[in-house]
Amino acid sequence: QVQLVESGGGLVEAGGSLRLSCTASGLTFGKSAMGWFRQAAGKEREGVACTIYNGDRSYYADSVKGRFAISRDNAKNTLHLQMDSLQPEDTAMYYCAASQLSVCLGTWSSAGGFGDWGQGTQVTVSS
């Protein structure tokens with residue numbers, strides 16, 4: 001059974017930083033592409049970032065490029081999302097997800113290939 005547990009969310013002022021973590025179990029982490037998604041209140045879920053099985057290639061939503069960085073530690077089955085220059089529009093529940101594939105599909109941002117999800121961690125950015 002796949003388990004994904006997110007941590008690191010919280011309340012931060014605009015311009016601040018947070019680092020999210022996701023600890024995975026029950027899957028061959030080093031063979032799975034991983035992603036971060038978010039869903040703000042009243043809005044649809046959106047893809048934030050995706051990284052391939054070995055972390056050598058990553059993809060980002062336009063809205064976070066240059067501010068967020070996804071990384072992974074396959075030895076520790078852990079995924080991270082470093083979020084800098086946070087803005088109020090980044091406020092959302094953030095979810096970690098595991099793909100059934102080793103690479104990020106062209107449809108990754110709409111959750112293409114992703115089949116397992118964490119419970120989420122709330123990020124709130126105050127203005």
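Here the structure is a predicted model, which means the values were calculated and not measured. Nothing fancy with the numbering, it's 1 onward along the sequence.
Checked by atom type and distance alone, the side chain of Thr121 pairs as donor or acceptor with a backbone atom of Gly9 at under 3.5 Å. Proximity of a side-chain donor or acceptor of Thr91 to a complementary backbone N or O of Val125 within less than 3.5 Å is detected. With hydrogens and angles disregarded, a donor-acceptor distance shorter than 3.5 Å links the side chain of Gln87 to the backbone of Ser85. Looking only at distances, a side-chain donor or acceptor of Tyr60 sits under 3.5 Å from a matching main-chain atom of Ile70. A donor-acceptor contact shorter than 3.5 Å is absent between the side chain of Arg57 and the backbone of Val103.
Put simply, CG on Leu81 and OG1 on Thr51 are 11.0 Å apart, with the number rounded to the nearest 0.5 Å. The structure places OG of Ser71 at 7.0 Å from CG of Leu79, a figure rounded to the nearest 0.5 Å. In this structure, Met34 CE and Asp116 CG are separated by 9.0 Å, a value rounded to the nearest 0.5 Å. Rounding to the nearest 0.5 Å gives a distance of 12.0 Å between CD1 of Ile52 and CG of Leu101. If you take OH on Tyr53 and OG on Ser32, they are separated by 12.0 Å, rounding to the nearest 0.5 Å.
In terms of the salt bridge (charged side-chain N to carboxylate O under 4.0 Å, His left out) criterion, residue partners of Arg67 (sequence neighbours excluded) are, by chain and number, Asp90. For the side-chain hydrogen bond (donor to acceptor under 3.5 Å, both in side chains) test, residues two or more places apart in sequence or in another chain that qualify with Glu46 are Arg38. Contacts of Ser21 classified as side-chain hydrogen bond (donor to acceptor under 3.5 Å, both in side chains), with partners at least two apart in sequence or in another chain: His80. For Ser17, the side-chain hydrogen bond (donor to acceptor under 3.5 Å, both in side chains) test picks out Asp84, with sequence neighbours left out.
In this structure, Trp108 and Phe37 have perpendicular ring planes: the angle between them is above 60°, well past the 30° mark. The aromatic rings of Tyr94 and Phe68 lie tilted to each other, with the angle between the two planes from 30° to 60°.
Under the 4.5 Å side-chain heavy-atom criterion for ILVMFWY residues, no single connected hydrophobic cluster contains both Leu4 and Phe114. In terms of hydrophobic clustering, with Ile, Leu, Val, Met, Phe, Trp and Tyr side chains grouped at heavy-atom distances under 4.5 Å, Leu18 and Val5 are assigned to different clusters.
Sorted by first then second residue, the salt bridge (Lys or Arg N to Asp or Glu O under 4.0 Å) pairs that include residues 6-25, not counting sequence neighbours, number zero. Among pairs with a residue in residues 37-73, those fulfilling disulfide bond (SG atoms under 2.5 Å apart) read Cys50-Cys104, at least two apart in sequence or across chains.
Across all their heavy atoms, Ala14 and Pro88 have their closest contact at CB-CD, 4.1 Å. Between Gln122 and Thr124, the closest heavy-atom pair is NE2-OG1, 3.4 Å. Across all non-hydrogen atoms, the minimal contact from Ser99 to Gly113 is OG-O, 3.1 Å.
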Query - Verdict with supporting geometry, Trp117 and Arg45, side-chain contact (heavy atoms from CB on, under 4.5 Å) - result: CA-CA 12 Å; Trp117 298 82; Arg45 181 181 61 195; 3.5 Å; yes

Requested in this report: Kindly determine whether Tyr59 and Ser109 satisfy side-chain contact (heavy atoms from CB on, under 4.5 Å), including the steps that lead there.
Outcome: CA-CA 9 Å; Tyr59 305 86; Ser109 62; over 6 Å; no

